[in-house]
Amino acid sequence: MTRYNFKVIEKKWQNYWVENNSFKSVVDKNKKKFYSLEMFPYPSGKIHMGHVRNYTIGDVLARFKMMQGYNVLHPMGWDSFGMPAENAAKQNNLDPKKWTEKNIKTMRDQLKQLGLSIDWDKEISTCSPEYYKHEQAFFLELYDKGLVYRKENYVNWDPVDETVLANEQVIDGKGWRSGALVERKKLNQWFFNISKFSDELLEGLEALDEWPNKVKIMQKNWIGKSFGCELDFGIEGSLPVKNIKCFTTRPDTLFGCSFVAVSIDHPIAKFYENDKNFLAFKEECSKTGTTEESIAQAEKLGFPTSLMAINPLDPSIKVPVFFANFVLMDYGFGAIFGCPAHDQRDFDFAKKYNLNFISVIDPINEKDKIETNNKAYTGPGKIINSKFLNNLSAPDQSILEAIKILEEKKLGKKKINFRLKDWGVSRQRYWGCPIPIAYNDKNEIIKVPLEDLPVKLPENINLNTKGNPLDHQKDWFDIQINGEKCKRETDTLDTFVDSSWYFLRFCSNKNTKEGFDLDEIKYWMPVDQYIGGVEHAILHLLYSRFFMRAIKHERKEFINPEPFKGLFTQGMVCHETYKNKNDQWLSPDEIETNDKINYHLKGMPDEKVKVGPSESMSKSKKNTIDPEKIITNYGADAVRLFILSDSPPEKDVQWSDQGMLASYKFIQKFWLLHKKIISIILLKNENGDSKPIDSFTNIMIDKITKSIEKFHYNVLVANFHETYNYLNKEIEKPINYLSLSKNYKKILSIMHPVMPHLISECLVELEPKMSLEWPTADHKKILNKNINIVVQINGKKRTIINLGNEISENQLILKIKEEPLINKFIKNKKFKKTIYIKNKLINIII
RNA sequence: GCCCUCGUGGUGAAAUUGGUAGACACAACGGACUUAAAAUCCGUGCCUUUUUGGAGUGCCAGUUCGAGUCUGGCCGAGGGCACCA
């Protein structure tokens, strides 16, 4: 018998799908649509295993939905602007455009080899002027709507490279390349007013019931809504400062206030600009880092001012004002009041600077008192030491009451604060979408007229300049708008802007006039299932949700503002890591083993290799497996099968050569079984019991349909193995050939989405005319014979009895009494109670 | 520090959502076939003396006729916490 030749057969079907336009999607209002989308890749060079996993998961779903009769949109594109192209181009003296285009070609070919059900007519690339033209139009639309503005903002500035650094490019306060000390510098930058939609973005989460809870919680924390109030502290001192405005979520602890702390960037800092000690303190603070984590973990530091703050609720109480490293200017008003007894940060600060501790909440448990616990108490309790607030229950009642009183006395007012900041979209880079703005001689903002779009990036320019290469392109940035001499904006857009609307472009990628066609997005949107890595859980998804709302803003005819109805976040592909004796990373190709425990360098048994933990595949750790090699050796179906088989898709999966091989063997085994089944069908035997195979097939249809719908793809693969094991035995018995053929077709159909090439070939050998349809389970055909009932005595399993068909509880009990294994437990004993779960289990309490 | 998730054999994992714990696979071991190896097929897997039986889903309690699943506490691992995509 011939082996399954995946090389020939996979190519054959990939050609067939192209020739038959199998995946072409056209709006058809008579058909139910399904928009299946996986996060589009950055064209970094070649596809990696993470892509294989991502796109296989999506492909199984898309093919499943197609077979169920949905009109499926399943497109692919390229997130093709970004720093890697610019860096690679700089290093190798290339053109980022050519570099990117070459990568796209390679990766497109590789994706095609995977046999994905992509409608390639819908392909887009964000670095093409046809795409970014519309992005520029959107930018101007948002500008007109007041959702885009320019303001000064701090950036990480590398004074040697004269460039802005991303946070990750700052290592120990120094630039990653130059090693120069990074400065905080203020630059004029463009912002999207995402915070305008804070509340909407938060509330919208509740309706997203097909999103992982984890992602919703991350977004919720990111938006960070907090309820509290703003209040004014009167100030006494030698400086011309009358008051300081604070935000607090706990106005009910105001009588416990023993200091006021402000950010080092607070307006009052201007009075200390020439104070050497203050500048040293500022320097010290900048070492801490600005992430929430580092601020929370760092030692609380303060710098005293000469000011005293007056407690708004009791003017006789005056407390010192400090600069403090744990207060951020961009949250609230950059000022807080400290209540050491009931906030851990304030507690630490007060301890260090010997400030008062005043308990104003009496805890429910004695042991939680700060005197005994030596920790701030943040739990519920009763208000004490607070005059007119005393005896209120904290926090719920007391906060509301405190705000009410503060408002009545006109000392403060209720305020809802958000952590979410506006989205800075300016990047001082070449390889990004140009911002369609220019400035005239008076430095006024001049929009590039719509008819002049796209503002194309200049090509073939020198990238090895200091700072942003576009700043050196005089013949590009010097322009005239309406006869006025202007200079173009040389910043480009954050690449997150490109990806926050690409799913709309897929719906009408050929429309040259507009970014999308309203009719088409009304049909296709929202994306029914979005699949990608959890690393995009916050920014990309939040920005996309913002973009929909920004476009919808003041455009009433628009649609549901949620772009992604269902979201699935897949885990990473991991592999063991290897190092040589000099602690240099080794790739799996460089090593070998005789006993699968000890590894050594290939061909050098004495050169031992250190095996490290399994980590997500990355070029830097050299623990990658090249998908193209695997496809060449084992075929696309085998890789698809393996990448789904070992772990649930939302969890990380371990790459395993043995597992990969096993998947390949399964395909070969299945092919042999298929040949056997075809030859049995050709014998046209009309005898034999077809009920068992009917039953099995319908059970499997039911199981597999559910596994796909719930993304339990690893279970799906296990179901395939079960199916193989069953069929391999069952065909030894005589089966009516018509029944075998009918059931086998259904079995092949439900395996098709995972192994489309193999199964297509099997299907046409069974029936020459290719037809694909998802079968539905007929529950009537599922045999209820051989019901196994678990018999428990006092909750312990004692035996399983097998029944020919359903019987009543009383009959069952009679039968149990006859069972010898059970008899010894129950003889001479009265049944106190029996619990019977139909056809499953009986528990007898004695 | 704050927030979230997860702990099941040698390994990856299943478990109809409170009802037979370990499906399916990898690895290991034993056997068959073979001159031999590879490939393939069959079998084994905790404790106790075979059967009977017992223990068992990180640890300790609890709810329940019944807990991997629910509740509380503890221990351990991982992830998120502002512009790398």
Side-chain angles (χ1 to χ4, degrees), chain A residues 39 41-42 44 79 81-84 153 155-156 164-169 189 212-222 224 290-298 326 328 330-331 344-345 348 378 419-427 494-496 498-499 533-540 543 596 642 645-648 650-654 656-663 665-666 668-669 672 702-703 706 712 714-725 728 788-800 821 824 832-837 840-846:
Chain A
M39 290 179 184
Y42 179 81
S44 55
D79 186 15
F81 270 139
M83 268 171 43
N153 195 52
V155 292
N156 298 314
V164 176
L165 299 176
N167 275 349
E168 67 157 14
Q169 294 173 325
Q189 306 208 271
N213 216 18
K214 178 174 70 170
V215 174
K216 287 197 278 186
I217 288 166
M218 279 160 73
Q219 292 216 353
K220 197 178 158 200
N221 292 342
W222 191 265
T290 52
T291 68
E292 205 166 282
E293 187 200 0
S294 51
I295 288 166
Q297 305 258 44
F326 60 95
L328 294 173
D330 44 16
Y331 186 78
Q344 192 56 42
R345 287 172 312 182
D348 296 339
T378 55
R419 180 176 170 273
L420 182 66
K421 293 188 274 188
D422 277 342
W423 173 15
V425 294
S426 292
R427 294 294 121 99
D494 178 4
T495 56
F496 271 121
D498 310 340
S499 56
V534 71
E535 65 273 21
H536 292 292
I538 301 172
L539 297 182
H540 163 57
Y543 292 158
K596 285 171 187 153
F642 171 70
S645 67
D646 268 6
S647 295
E650 69 276 13
K651 283 179 62 175
D652 287 353
V653 65
Q654 231 63 248
S656 140
D657 291 336
Q658 283 92 348
M660 183 58 241
L661 189 63
S663 295
K665 282 180 189 167
F666 178 78
Q668 293 297 342
K669 263 167 37 174
L672 294 181
D702 192 47
K703 275 193 186 179
K706 283 181 182 149
H712 291 181
N714 54 328
V715 183
L716 175 73
V717 175
N719 291 335
F720 290 177
H721 285 280
E722 273 179 75
T723 304
Y724 170 86
N725 293 342
N728 206 28
N788 291 320
I789 296 203
V790 176
V791 182
Q792 295 183 338
I793 310 287
N794 292 337
K796 257 195 180 124
K797 183 180 109 184
R798 290 302 170 182
T799 191
I800 296 171
L821 285 176
K824 66 178 189 190
K832 276 191 200 147
K833 193 178 176 184
T834 58
I835 294 111
Y836 178 55
I837 312 293
K840 208 168 254 176
L841 174 142
I842 184 159
N843 190 5
I844 297 164
I845 312 304
I846 51 173

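Lettering of chains follows the sequences in order, A, B, ..., and the numbering in each one begins at 1. These numbers come from the heavy atoms of this one structure, side chains and all, not from hydrogens, waters or symmetry mates.
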**Q** If you restrict it to nitrogen or oxygen atoms, what contacts under 3.5 Å exist between nucleotides 12-16 of chain B and the protein, and what is each distance?
**A**
from	atom 1	to	atom 2	distance (Å)
B/G12	O2'	A/Asp646	O	2.9
B/G12	O2'	A/Ser647	OG	3.0
B/A13	OP1	A/Lys651	NZ	3.2
B/A13	O3'	A/Asn714	ND2	3.3
B/A14	OP1	A/Asn714	ND2	3.1
B/U16	O2	A/Lys840	NZ	3.4
B/U16	N3	A/Lys840	NZ	3.1

**Q** Tell me whether the rings of A/His536 and A/Phe496 are parallel (<30°), tilted (30 to 60°) or perpendicular (>60°).
**A**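 If you compare the ring of A/His536 with that of A/Phe496, the planes turn out perpendicular.
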**Q** What stems involve RNA chain B, if each pair must be Watson-Crick or G-U and both of its distances must be under 3.5 Å, with 3 or more such pairs in a row?
**A**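 In RNA chain B, stems of three or more pairs: B:1-7 with B:75-81, B:10-12 with B:24-26, B:28-32 with B:40-44, B:58-62 with B:70-74.
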**Q** Spell out yes or no: do the side chain of A/Gln658 and the base of B/C26 have one donor N/O and one acceptor N/O closer than 3.5 Å?
**A**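 Per atom types, no contact qualifies.
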**Q** Please measure how far the C1' atom in B/G80 lies from the corresponding atom in B/A13, and state the result in whole Å.
**A**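 Result for the C1' pair: 26 Å, nearest Å.
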**Q** Which nucleotide sits closest to the side chain of A/Ile538: B/G80, B/A85, B/C26?
**A**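 Nearest listed nucleotide: B/G80.
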**Q** A/Leu420 near the nucleic acid: base, sugar-phosphate alone, or nothing, with a heavy-atom cut-off under 4.0 Å?
**A**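 Answer is base: heavy atoms of A/Leu420 come under 4.0 Å of a base.
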**Q** So which atom in A/Val653 and which in A/Asp646 form the shortest heavy-atom distance, rounded to 0.1 Å?
**A**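 Looking at all heavy atoms of both residues, the closest pair is CG2-CB, 4.0 Å.
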**Q** Would you mind classifying the nucleic acid contact of A/Asp657 as base, sugar-phosphate or nothing, using non-hydrogen atoms under 4.0 angstrom?
**A**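 No contact at all - A/Asp657 keeps every heavy atom at 4.0 Å or more from the nucleic acid.
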**Q** Between B/C4, B/A85, B/C26, which nucleotide has the shortest distance from any of its atoms to the side chain of A/Glu535?
**A**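 The closest nucleotide is B/A85.
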**Q** When all nucleic acid strands are considered with a 4.0 Å heavy-atom cut-off, which category describes A/Trp222: base, sugar-phosphate, or nothing?
**A**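 Contact class for A/Trp222: base.
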**Q** Can you tabulate the close N/O pairs, meaning under 3.5 Å, that link protein atoms to atoms of nucleotides 64-68 of chain B?
**A**
from	atom 1	to	atom 2	distance (Å)
B/C65	O2'	A/Asn843	ND2	3.4
B/C65	O2	A/Asn843	ND2	2.5

